[in-house]
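Working notes, structure below.
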Amino acid sequence: MTALVFYVFATILVLSATMVISARNPVHSVLFLILGFFNAAGLFLLAGAEFLAMLLIIVYVGAVAVLFLFVVMMLDIRVSEAREGLQRYAPFGAAVGAVLFAELILAFGHWRIAPAIDAVPHLGQAAGETNTAALGDLIYTHYVLLFQACGLVLLVAMIGAIVLTLRERPTGRRQDIERQHARTVADTLELRRLPLGRSVRELGGFARPTSYSEAAAKGSYDPHAPVLSDESRGE
Amino acid sequence: MNWIIAFPELVLTLCGLVILTVGVVQKKSTNPFAACSMLTIAAFAITGFLVTVSPDGSGYEHVFVNDGFARFMKVLSLIGGALATIMTLSYRGTSGGGRFELPVLILFSTIGTMLMASSDNMMTLFVGLELSSLAIYILCAFDRDSVVSSESGLKYFILGSLASGLLLYGISLTYGYGGTMEYGAIRTVLIQSGGASLGLMLGIVFLIAGLAFKLSAVPFHMWTPDVYQGAPTPVTAYLAGAPKIATFALILRIMAGPFGALAPQWQLLIEMISVLSMVFGSLAAIPQTNIKRLMAYSSIGHMGYALMGLAAATPGGIRGTLVYLTTYLFMNVGVFAGIAAMRRKGHETTDIADLSGLGRTSPGLALMMAIFMFSMLGMPPTAGFFGKLMVFSAAYGAGLYGLLAIGAITSAIGAYYYLRIVKVMYFDASAPAFDTRSPSLAFLSVSMGIVTALFVLVLGPVTSAAQAAASALIG
Amino acid sequence: MHDVIASYFPVLVFGVIAVGIAGAMLGGSLLAGHQKPYAEKTSAYECGFEAFDDARRRFDVRFYLVAILFIIFDLEVAFLFPWAVSLSHVGLFGFLSMLGFLGMLTVGFIYEWCKGALDWD
C-alpha cells in the first residue's frame, strides 16, 4: 500500500519536473513546478516528516511559487530565442547531467544504515509526540544560535527587499491629520464682500487651500513630478 | 549551554538592530547616513575589542567554537568591515547621498562572517555563509538606478545561489555518510573508520566546490569580473576582503578539523584549484583596460596563492595562508580606496587610461597606488612580499615543488600588469585631474599605504599570531 | 509507515469531496445554464486585468514587494508552529529564545513601517 502511494507520488513528481524544463510557456513551467512541490510534500509525509511537508506547501507553494509567477509574468521571455540556445548547449548539459547521475549511483552504492542510529538521543521521537513537537523541542533549545541567525537572515532579506524596490512616489495625497485637527472656523467659512461686477479671483482669491498640493501631507503629492519609467501599471 | 561565548556576536547584533532603528526613525530632512556609518565603525571597534578578550571554548552544544584561530579571523573580518564602512563615507552613488542601510548591511554581513569563523557544525557554516552572502547580494545591487550595479547584484545572486545549492548537497552527503554535523564527531568517525567512503568523498568535493565559488577560485570564478566592476566601489572593497577571509576560515577549519585525516585525498584537488587560479588570474588580467576588472582577476590570482598554503596541509602552510590573507586585506582596501578616488565631475571613471600622468596631477595618490601595485606583485620590502614568501616556503617545506615553480612564474607574469599601471601613472601624458579626494579616502589610502610599505615592522607580531592560530586549529 | 497513510486518509477523503463538490458546481452551470455571453458581460468590472489574456505584462514592482514581505512574515509564522506545540517542553528558555527571534523581526517591522513600505501609495 505504501509502495503504491510512493510510486504514484514519485512518478508524478518526475513527470512534472520534466515538464518544468520542457514546457513551452513559462507560466506552465511554474504550474508544473507547483504540482511537483505538492508531490514532494506527499513523499515527505510518507517518510514521516510532517512538518517539512506542510512547510513545503505553505512556504514553497504559497509564497515562493507566487514569486516565481510574478517574475515569469513580468519578463517577456521569447520562447523561440530561448530554444535556440538549447540546441547548442544540449550536449554539454547532457554531459554534466550524466556525470552527476553517475556520481549519484556511485554514492548510493555505498549506502549503509549505521547500526547505532537508534541510539542517537535526539533523533528518536518520544512515543505519542508528533514530528512537529519533536522538532520544536530541539530548535528553540539545542539549536538556539542557528535559530537566531535565521531570524537575522530574514531581517536582512526584509531590509534588502525594501532597499532595492521601494521608491518614494509623490502621488500619495496623504492626509495631514494634525493640520486637519488644527482647523479653525476661519479656515472653513469665508465671507467676502464683493462689489458689483468684481470676482473673488481679482481681489486676491480665497484663503482656503484649493489644491491637493497644499492640503496633502508635505511631500506626498506633487502633480509635476516626473513619472518614473518603471511605474507602468497594468493596462 | 555556554551562551556567553558568542558575546561579541550578540553585542554586534544588538548594535546592528539599534543602528537600524536609529536610522529609520529620523525625520525625512536629515540624512542619517553619516551618523549610522560612524556608529557602525564604533560597533566594529567595540566588537573587535570583545573578540580579543573572549575566552576559548565551545558553546551552544557543539555549534559554536572559539579558539585562537577564530579570534584571528574574526579580527581580520572586523577590520575589513570597518575599513569598508570608512570607505562608504565618501560614497555618492548615482542618486546623490548614500542611504543609511549601506553600513547596516555591511554590519550584518560581518556578523555572518564571524559566525563562519566560529563554526563547529555544518549548519553554522551554512547559516553564517548565507547571512553574509545575502547582505552582499543586496549591497552589490545597492545603486539601483545604475544598470551595471543591478547586473552585478543579479549575477552574483544567481550564481551564489547555485553555489549554495552545491554546498548544501555536499553537506547533506557528508551528513549522510558521516552520521553527524559536528566537526569533532566527524573527525572521530573518520579516524575510527580509517578512511572515507566514496559518498563522503563526493560530499567533500561538493563542499569544496561551493566554498571555492565564494573564494572566486578557478573554475568557479565566472562571477568575479562582472560583479567587481558593477558593484559600488566601497562594496567591492568589502566583498574582496572580509567574506573571502571568512570563507578561508571555513575551508581551513573544515580541512584541518574533520577532514584532516583525509589530507592525501583532497590535497590534489586544492593544488589543482590553486594552480588554475594563479595561472588564470595572471594571464586573464593582461588585456584588461578597466581597473576594477583588473583587480577582480588579480584577486582570483591572490586566492590561488593563498590556497597554496592550504595545499601544503601543514601548520606552516596554514600560518602562511593567514599572513597572506592579512597582507591581502590591507593591500586590497588601499587599492580600492585609490580607485574610489577616481572621480571626474562626480562620475566614476575606472579605465586604466584615466590614471595617466597621475604622478604629476596627484603625487600623493600616485605614490600610494604605486606602493600597492608593488606590494601586489610581491616586491620586497612591501607586505605582499612577506605573504608570498611564507606561502612559498610552506609549499617548499611540504615538497610541492611544481606548485612552487608555477607560483613563481605566474608572479613574474603578473608583475607585467602591475608595473604597467605604475608606468601609466608616472610616464604617460597627463589625463585631466580627478576631483579632490574626500577625507575618508585620503585617510584610508595613506594609512593602508603606510601599513603596506612598513609591514616589516609588524611582521613579527602578525606571524606569531598566525602561528598561534594555526596551532590552535591543528592541535 | 502504514500508520502515516492511514492517518492521512481523512485528508484524501476531504480532498476528493472538495474536488467533487467544486466540479459538480462548475459542471452543473456548464451543462444546465443558459450561456449567452456578449462583450459587455464578459469584460472585467470594477477593476482588474482582462481575463483570458496573455498573463505576461509589465506590472508595478509594488506587488512584488508585498509578496516578499508576506513571505518573510510567513516564515516567521512557520517557526512559530513547532514552538506553539512544544512550549510546555522547552520552558522559559524556549520562550525567551522565541522572544528574541520575534524581537528581531519586530525591528524589521518597525523599519518597514517607518520607511513607508506598508503604504500602498
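Because the structure is a prediction, the values reported are computed rather than measured.
- Proximity to chain A (any heavy atom under 4.5 Å) is restricted, for B:L20, to the side chain, taken from C-beta onward.
- Looking at A:L100, only its side chain comes within 4.5 Å of chain B, counting heavy atoms on both sides.
- The CE atom of B:M181 lies 8.0 Å from the OH atom of A:Y143; values are rounded to the nearest 0.5 Å.
- Taken from CG in A:L104 to CG in B:L173, the straight-line distance is 8.0 Å, to the nearest 0.5 Å.
- Between B:I138 and A:I159 there is no side-chain heavy-atom pair separated by less than 4.5 Å.
- Heavy atoms closer than 4.5 Å to chain A are found in the side chain of B:I111, but not in its backbone.
- Contacts between B:L131 and chain A at a heavy-atom distance below 4.5 Å involve backbone atoms as well as side-chain atoms.
- Of the atoms belonging to B:F108, it is side-chain heavy atoms, and not backbone ones, that fall under 4.5 Å from chain A.
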For this session: Could you walk me through whether B:F206 and A:E103 pass the side-chain contact (heavy atoms from CB on, under 4.5 Å) test, one step at a time?
Result: CA-CA 11 Å; B:F206 276 106; A:E103 283 184 353; 3.4 Å; yes
For this session: Apply the test side-chain contact (heavy atoms from CB on, under 4.5 Å) to residues A:L155 and B:L17: give CA-CA distance (whole Å), side-chain angles for both, the deciding distance (0.1 Å), then the verdict.
Result: CA-CA 10 Å; A:L155 177 64; B:L17 294 173; 3.4 Å; yes
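- Only the side chain of B:Y169 comes within contact range of chain A, with heavy atoms under 4.5 Å apart.
- With a 6.0 Å radius and a threshold of 12 heavy atoms from other residues, nucleotides or ligands, B:Y60 has its OH atom above the threshold.
- Atom OG of B:S197 is separated from atom CG of A:L106 by 11.5 Å, given to the nearest 0.5 angstrom.
- Contact annotation for B:T13: only side-chain heavy atoms (C-beta onward) come within less than 4.5 Å of a heavy atom of chain A.
- Nearest heavy-atom pair across A:A149 and B:L115 is CB-CD1, 3.8 Å.
- Residue contact with chain B, scored on non-hydrogen atoms closer than 4.5 Å, involves the backbone and the side chain of A:V156 alike.
- With a 4.5 angstrom heavy-atom cutoff, A:A161 does not touch chain B via any of its atoms.
- Interatomic distance, B:N121 CG to A:L145 CG, rounded to the nearest 0.5 Å: 10.0 Å.
- Closest non-hydrogen pair, A:I162 versus B:R144, comes out as O-NH1, 4.1 Å.
- Atom CZ of B:F126 has more than 12 neighbouring heavy atoms from other residues, nucleotides or ligands inside a 6.0 Å radius.
- Other residues, nucleotides and ligands contribute only 12 or fewer heavy atoms inside 6.0 Å of the CZ atom of A:F68.
- Between the CD atom of B:E9 and the CD atom of A:Q148 there is a distance of 13.0 Å, given to the nearest 0.5 Å.
- Two residues are said to be in side-chain contact when any heavy atoms from C-beta on lie closer than 4.5 Å; B:V127 and A:L152 fail this criterion.
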